[in-house]
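Read the numbers this way: they start at 1 and go in the same order the structure lists the ligands and their atoms.
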Amino acid sequence: MDYCSTREGNKLFTAAETISMGLAPDGGLFVPAGPWPQISLDNLIDKGYFERAAAVISPFLERFSAAEINSSLQKAYGTGFSHRGIAPLHLLAKGLFSLELWHGPTSAFKDLALQFLPHLLRKAKEKRGDGSTAVILTATSGDTGKAALAGFCDLPGTKVIVFYPLEGVSEIQRRQMITQKGKNVHVVAVRGNFDHAQAGVKEMLTDGALAGRMAAGGLKFSSANSINWGRLLPQMVYYFSAYLDLRRDGHIEPGERVNFVVPTGNFGNILAGFYASLMGLPVHRLICAANRNHVLTDFFREGCYNRKRPFYRTLSPSMDILVSSNLERLLFELSDRDPAKVGSWMQALRERGFYQIDPALRRALAAIFWSDYADDEETVAAISKSYRQYRYLIDPHTAVALSVYEKYRAATGDQTATVIASTASPFKFAESVVRALLPPERAAGHSALGMMPLLAETTGLDIPAPLVDLDLQPVRHTGVVDRPGMREEVLGYLDL
Ligand SMILES: *Cc1c(COP(=O)(O)O)cnc(C)c1O
């Protein structure tokens, strides 16, 4: 499989180039240039996560050997995950399941991709005979940063720089990042929101002069954001694995279609589900769940993507995003891979703040996607309801998905078996979860970190191992910059 940019269809790149470059030279995103491989499901039903993963991933990595792919999978999922199933399903009610994507080392779904990507990236650079140090430059809405730090920590030939919005991440997320160990990691806060941090990072990744200066010092940028194709690849796997588990356990019949509900921010996770459907996975609806920053819901309903709107901080900070980068890939695929069209929409978004798609594309979107949003009040209500009704504890992002699923059921009456993507451990957002479950006086006097033991005591569940000693870890990163200062910060850390 070769790859091309969403903004220029003719120039082809290998998988190794695609993964090590991250962003295409013209500012577009890399996408497969060939037809989508078709995965045959029947012989994967009684296989484990590793074999399923190899079957899904291998067709995209033609010049990687089976041994290379398997060893990367082992390094990624062999020891760092606390559940043997890696991404297990939990039955909530008949026909309704939670896909638990938070058993990895940082307790959020980003681990599924970011435990794997570093090993893939190393192999990709090897294949290109590229001896430079990979500088992973990342903007995070909270969970990516920690997952990237954990994935790349002390990996030879790499350095990691993480920018997070000062006011936009939870206290536990912030603690996870600023206490990160490792000789090759640097964590900095940016005054502003996630979109500011992401825009700053994108700018540096496409800055030719900066690239030249880096090259002279034996350094080269790479991205661990979900714009990197190497992140989407391992995310397709758990859509297949969830479906195969449903088949294996007799919850669905051969060929039966299922819905996935995905709490969405940068559109990476749900895009992987869309790609899985193109690879033969029987998907009925992909339900895009948004929070109060519902730019995507408006887009799916009205066909206009408009980022000119107020930005809200919500209880689901990893979804507080106004520019969902990966949507560009969906538009490319559904507009019959027309790079000129995609390029003009992206230009309009940059210059005017919005773009309008045509009726044909709207119809193509509506055939598979459905979208709604949940505000903070509904999010809290969903956490509480899930615990009362299903005895199942969920974090605010998963709660957004559950709340939107109920709206979907009410609006459509659809009874198709449905999988909710559960994207973070409830302990990672213990403050909001406690608020949903306990009266205010019970939580009074507890710090953000102190909410975790309170939640454990209330529910009888264990705090995930990676979160247990967070308050005892020394703070290692204290830097804060303004948006224009990001570049200086990078130059300084890299001694350029
Ligand atoms: C990143 C994240 C999301 C959003 O995923 P996207 O791929 O950006 O759409 C949702 N929930 C949690 C907990 C996350 O960390």
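- Salt-bridge check for E406 with R409: failed, with every basic side-chain N at 4.0 Å or more from each acidic carboxylate O.
- Under the 30°/60° scheme for interplanar angles, the aromatic rings of F267 and F369 are found to be tilted.
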Filter the ligand 1-protein atom pairs down to N or O on both sides and distance under 3.5 Å, then list them.
{"unit_1": "ligand 1", "atom_1": "7 (O)", "unit_2": "G268", "atom_2": "N", "d": "3.2"}
{"unit_1": "ligand 1", "atom_1": "7 (O)", "unit_2": "N269", "atom_2": "N", "d": "2.9"}
{"unit_1": "ligand 1", "atom_1": "8 (O)", "unit_2": "N266", "atom_2": "N", "d": "2.7"}
{"unit_1": "ligand 1", "atom_1": "9 (O)", "unit_2": "G265", "atom_2": "N", "d": "2.8"}
{"unit_1": "ligand 1", "atom_1": "9 (O)", "unit_2": "N266", "atom_2": "N", "d": "3.2"}
{"unit_1": "ligand 1", "atom_1": "9 (O)", "unit_2": "F267", "atom_2": "N", "d": "3.1"}
{"unit_1": "ligand 1", "atom_1": "11 (N)", "unit_2": "T423", "atom_2": "OG1", "d": "2.8"}
{"unit_1": "ligand 1", "atom_1": "15 (O)", "unit_2": "K110", "atom_2": "NZ", "d": "2.6"}
{"unit_1": "ligand 1", "atom_1": "15 (O)", "unit_2": "D143", "atom_2": "OD2", "d": "2.4"}

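- In this structure, the side chain of S58 does not engage the main chain of A55 through any donor-acceptor pair within 3.5 Å.
- Using a cut-off of 4.0 Å between Lys/Arg side-chain N and Asp/Glu carboxylate O, K407 and E378 are scored as salt-bridged.
- Look at R7 and E328 and you find a salt bridge, because one of the NZ, NE, NH1 or NH2 atoms lies within 4.0 Å of a carboxylate O, short of that distance.
- Applying the ring pair (Phe, Tyr, Trp, His ring centres under 6.0 Å) criterion to F30, with sequence neighbours excluded, gives F13.
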